[in-house]
Amino acid sequence: MTTEYTKVFQDANAVDKYEHVTYAPDSYASRINERQRAYLRRLVDREFDTPPVQHDFACGTGRAIRTLHGLVRDAHGYDTSAEMMAKAAEVGSQARWHQVPTDGPVPNPVPAGHPAIVTMFRLLLNVHADVRDRAIAFAAKALPERDSGLLVVENHGNAGSLRHLRARRHSGERWFAELSHDEVEELFDRHGFEIIDRRGFSMLTESLDNMRLARAADAAVRRLPGADGFAVNVLYTARRKR
């Protein structure tokens, strides 16, 4: 993660806002989170014969960890912000917490056996390219073989979505980072992963999602084959290459 992330989330108020405002009930982020939760729980139930251990990198307030409560045999959260992890424990995320440095060698996952699932949410767009590589290198350590488990990574700014229409207006603004599917695939490929599933969770930007009619259209379009290619928010599920 960037040093900016760590500095921002040393502020307890910023951490509280992230948990209770960004993810307030019926907010854009929380609605997407509910859809992701349903997908991830089905994924784990389908793909693992025995409960995996979860390694949640850039765990924040533990939302991805809470998503898989009851389906994993153990959970480990890794973050640069101690304040974020303290909030995660406060709101009921059940895991063992590990603070990692903002730079330096790739952090080592806690030895916890296999199978495993590595999750990374709201990370790729919030960090520089070298930190993205560091994060996926962490996943490669946690998942050394194809049968070690799964990697699930979120891209909450797909460059092939409606959100891209605002890219020129916000050019140069750090908060408006975006990534294409090809860029994500290339990132995975560099570290020995191949994408086995790509799933979209909203075709709409946050401003459009506030309109009831647009939400109904979004729900219909998401069911169409290939629609995930144009979704704003996308999850990629990957395994190590053969």
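Note that the structure is a prediction, hence the values are computed from the model and not measured.
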Return the set of residues passing ring pair (Phe, Tyr, Trp, His ring centres under 6.0 Å) with [X] (not counting sequence neighbours), or none when no residue passes.
{"X": "His181", "result": "Tyr236"}
{"X": "Phe138", "result": "Phe57, Tyr78"}
{"X": "Phe230", "result": "none"}

Sequence-distant partners of [X], salt bridge (Lys or Arg N to Asp or Glu O under 4.0 Å), two or more places apart:
{"X": "Lys241", "answer": "Asp189"}
{"X": "Arg240", "answer": "none"}
{"X": "Glu47", "answer": "Arg239"}

Would a 4.5 Å heavy-atom cut-off, applied to side chains only, mark [X] and [Y] as touching?
{"X": "Asn33", "Y": "Phe121", "value": "no"}
{"X": "Leu124", "Y": "Glu154", "value": "no"}
{"X": "Leu68", "Y": "Val44", "value": "yes"}
{"X": "His114", "Y": "Pro144", "value": "yes"}
{"X": "Ile65", "Y": "Asp56", "value": "yes"}
{"X": "Arg37", "Y": "Arg63", "value": "no"}
{"X": "Arg96", "Y": "Val110", "value": "no"}
{"X": "Leu40", "Y": "Val152", "value": "yes"}

Result block: side-chain N/O donor-acceptor pairs under 3.5 angstrom for residues 195-202, not counting sequence neighbours:
residue : atom : partner : partner atom : Å
Asp197  : OD2  : Tyr39   : OH           : 2.5
Asp197  : OD2  : Arg199  : NH2          : 3.3
Arg198  : NE   : Asp228  : OD2          : 2.6
Arg198  : NH2  : Asp228  : OD2          : 3.1
Ser202  : OG   : Leu204  : N            : 3.2
Ser202  : OG   : Leu204  : O            : 3.1

Would you say Gln36 and Asn233 are linked by a side-chain donor-acceptor pair, where the criterion is simply a distance under 3.5 Å? yes

When you measure from the side chain of [X] to the backbone N and O of [Y], does any donor-acceptor pair fall under 3.5 Å?
{"X": "Lys87", "Y": "Gly62", "result": "no"}
{"X": "Asp79", "Y": "Gly60", "result": "yes"}
{"X": "Gln54", "Y": "Ala64", "result": "yes"}
{"X": "Arg134", "Y": "Ala129", "result": "no"}
{"X": "Asn155", "Y": "Leu179", "result": "yes"}

Contacts of [X] that satisfy side-chain hydrogen bond (donor to acceptor under 3.5 Å, both in side chains) - sequence neighbours left out:
{"X": "Ser93", "result": "Arg66"}
{"X": "Glu185", "result": "none"}
{"X": "Asp133", "result": "Arg190, His191"}

Taken in chain and number order and not counting sequence neighbours, the residues that satisfy side-chain contact (heavy atoms from CB on, under 4.5 Å) with Arg46 are Leu43

Under the criterion side-chain contact (heavy atoms from CB on, under 4.5 Å), I'd like the reasoning laid out for Ile136 against Met120: C-alpha separation, chi angles, the key distance, then a yes or no. CA-CA 9 Å; Ile136 305 303; Met120 297 181 188; 3.9 Å; yes

Which residue pairs pass the side-chain hydrogen bond (donor to acceptor under 3.5 Å, both in side chains) test with at least one member in residues 144-153, sequence neighbours excluded? Arg146-Glu194

Below 4.0 angstrom, N of the basic side chain to O of the carboxylate: do Glu34 and Arg31 qualify? no

